[in-house]
Amino acid sequence: MRKLDVFDTTLRDGEQSAGVNLHGSEKLEIALQLERFGVDIMEAGFPASSAGDFKSVQAIANRVKDCSVAGLARATKADIDAAWDALRHAAFPRLHVFIATSPIHMEHKLRKTPDQVVETAVDCVRYAASRFPVVQWSAEDATRSDWDFLVRIITQVIDAGAKVINLPDTVGYATPSEYVQMFEYIRAHVPNLGDVKLSAHCHDDLGLAVANSLAAIQAGVDQIEGTINGIGERAGNAALEEILVALAIRKDTYGRETRAQLTETVLTSKLVAKLTGMAVPANKAVVGNNAFAHESGIHQDGVLKNSLTYEIIRPEMVGLHSNRMVLGKHSGRHAFREKCDALNLQLSDVQFDRLFTEFKTLTETKKEITDDDILALVVQSSTEEHKYDLEFLHVSYGLNETTAAVGVRGPNRQVIREAATGNGSVEAIYNCLERVVEDPIQLVDYRIQSTTGGGDALAEVYVKVAYHDRIVTGRGVHSDVLSASAKAFLDAINRVLVKERIDDVQLTAASVEA
């Protein structure tokens, strides 16, 4: 079977999901898991977009050794220089440079003529190829572009040094047959394709991203792009895990192989979901909680007799196992270390000690600790330094209103105490926290879920808030729902403040250079 390269853009296109704001340490955690998952290329970010993105791309490039690390760049030399500075020490650095090619984008966004777009693309690819061993060029909005213009610009950027040509369905407009026809036309009319690879990148605005991606694979593309859980701007990207499992299950149809380690699928999906705060729908293919659940009596009877009657995917293929090692209050450091190793958690001695302490604290209130509980603790403990930390929380209920009192350790590490009322306990708590930071904060969304079943399950709260003209998500984990709610609110505030601090550093550095 022919090899298909897997290009993951969870850390770039996926992070562009509304409200998602990952810390550098969280991006690195996802990157290391993507490396274990076996992707060929990971797009670590957009280095020129901010100092924070530059630092996270650089950190990932310095740690990841088993796959290529790519950075995104607009068709400008400044963007290319920033990407090179971030990626120069990567084992296999790669640049992904793009420019729009559809008439509507060229006229209204770029305000350039087709000739100017070609000239800009060629100049930037030639400049990038003088530094990067692999340059991938993308025709933004390719599926709404004129095919003859695509042939013209692709021919010239290949001559300039592009080794991968990506033709994305940027706005999720194409149908599978249209997408196939476009690739066939390019293959038939670009004279210098040679060993240059063609790549497909699909968005899910019409719910066709995975279908279009699989159609492109059948049309012979050499690389497929997507994100874990299909996250991304608007309706998201093609879900990589669905594509990869489809290739494995339907080898007879697609005849392509990848280096993906499918047993890492569920763990990768859970990590991305927890760190981004974007929950996976229960009925989602491959990784949803109901993907291997059967309620119908007829289905249950058939599966018990032969799982192939209603399950075309073996749970073990994607990393679901029935046997598990149960941890509890009597479990020691060795057993806990074994569990962390089984979950592929990369922990320093300091991180392990802190996580083990949090684990032992949790065993005081929870009898059995599950994998999801441990992942939740990891997610919580991986958060970067906070400006505000919850010290205590008290809630009292009256006939007509609820009163909350909080203690928060502030920037000067002194405890700030505030009290406020509200129509309910969560509103009262958030009114208190708004007083603590002395700034208006608008709660945009609030979601709560449990890590597992049972009355002693950990509560995971995800919030989306508007603060300092930013929309950002926050998350909190605790055995008590209200404490988790308070932690999630403070986490969102801290993310905004960390982002502002990084931006200030970037601004100061720019002033010094000027």
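The model shown is predicted, which means the values in this text are computed figures rather than measured ones.
Residue-environment remark: NZ (K251) stays at or below the threshold of 12 foreign heavy atoms within 6.0 Å. For CZ of F92, the number of neighbouring non-hydrogen atoms (other residues, nucleotides, ligands) closer than 6.0 Å is 12 at most. Residue D439 places its CG atom among more than 12 non-hydrogen atoms of other residues, nucleotides or ligands, all under 6.0 Å distant.
For the residue pair T227 and G14, the shortest heavy atom distance occurs at CG2-N, 3.9 Å. Nearest heavy atoms, E316 versus T263: O-CG2, 3.7 Å. The shortest non-hydrogen separation linking L87 to P93 is O-CB, 3.5 Å. What you find for K197 and D222 is that their closest heavy atoms are CA-OD2, 3.3 Å. Looking at every heavy atom in both residues, A215 comes nearest to V180 through O-CG2, 3.4 Å. Nearest heavy-atom pair, N423 versus T402, reported as atom, atom and distance to 0.1 Å: O-OG1, 4.4 Å.
Checked by atom type and distance alone, the side chain of Q261 pairs as donor or acceptor with a backbone atom of R259 at under 3.5 Å. Remark: side-chain polar atoms of N494 are paired, donor with acceptor, to backbone N or O of Y388 under 3.5 angstrom. Judged by distance alone, the side chain of H478 and the main-chain N or O of D480 form a donor-acceptor pair under 3.5 Å. Proximity of a side-chain donor or acceptor of D169 to a complementary backbone N or O of A174 within less than 3.5 Å is detected. Here the side chain of R94 pairs no donor or acceptor atom with the backbone of I41 at under 3.5 angstrom. Listed for the T9 side chain is no donor-acceptor partner under 3.5 Å among the backbone atoms of E43. Remark: the backbone N or O of D141 is paired with a side-chain donor or acceptor of T170 at under 3.5 angstrom. In this structure a side-chain-to-backbone donor-acceptor pair under 3.5 Å is present from D79 to R74. Judged purely by atom type and a 3.5 angstrom limit, T268 uses its side chain to pair as donor or acceptor with the backbone of E264. Of the possible donor and acceptor atoms, none in the side chain of R12 sits under 3.5 Å from a partner among the backbone N and O of F46.
In this structure, R447 satisfies the cation-pi test against Y462, with its NZ or CZ atom closer than 6.0 Å to the six-membered ring centre and inside 45 degrees of the ring normal.
Atom OG in S56 sits 7.5 Å away from atom CD in E15 (nearest 0.5 Å). Rounding to the nearest 0.5 Å gives a distance of 10.0 Å between CG of L271 and CD1 of I228. The CG atom of L206 sits 9.5 Å away from the OG1 atom of T175 when rounded to the nearest 0.5 Å. Taking CZ from F37 and CG from D8, the interatomic distance works out to 8.5 Å, rounded to the nearest 0.5 Å. Distance check, rounded to the nearest 0.5 Å: CG of L497 to NZ of K387 gives 5.0 Å. Taken to the nearest 0.5 Å, the CG atom of L34 stands 5.5 Å off from the OG1 atom of T10.
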Review item, side-chain donor-acceptor pairs of residues 241-248, under 3.5 Å, at least two apart:
from, atom 1, to, atom 2, distance (Å)
E241, OE1, N229, N, 3.0
E241, OE2, N229, N, 3.3
E241, OE2, K284, NZ, 2.5
E242, OE2, K284, NZ, 2.7

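In this structure, the side chains of Y446 and S485 come closer than 4.5 Å at one or more pairs of heavy atoms.
The closest side-chain donor-acceptor pair between E225 and Q136 falls under 3.5 angstrom.
Residues satisfying the side-chain hydrogen bond (donor to acceptor under 3.5 Å, both in side chains) criterion with D204, sequence neighbours excluded, are absent altogether. Residues that satisfy the salt bridge (Lys or Arg N to Asp or Glu O under 4.0 Å) test with R256, not counting sequence neighbours, are absent from this structure. Residues passing the side-chain hydrogen bond (donor to acceptor under 3.5 Å, both in side chains) test with R36, sequence neighbours excluded: Q33. For K3, the salt bridge (Lys or Arg N to Asp or Glu O under 4.0 Å) partners at least two apart in sequence or on another chain are D5, D40. Not counting sequence neighbours, the partners of D252 by the side-chain hydrogen bond (donor to acceptor under 3.5 Å, both in side chains) test are R250.
A salt bridge is absent between R63 and E35; no separation between the charged side-chain nitrogens and carboxylate oxygens falls under 4.0 Å. Comment: D491 does not engage K487 in a salt bridge, judged by the lack of any side-chain N to carboxylate O separation of less than 4.0 angstrom.
Taking the six-membered ring where tryptophan is involved, the planes of F336 and F352 are tilted, since the angle between them lies from 30° to 60°.
Among E26, E460, E29, the one residue that satisfies the salt bridge (Lys or Arg N to Asp or Glu O under 4.0 Å) test with K274 is E460.
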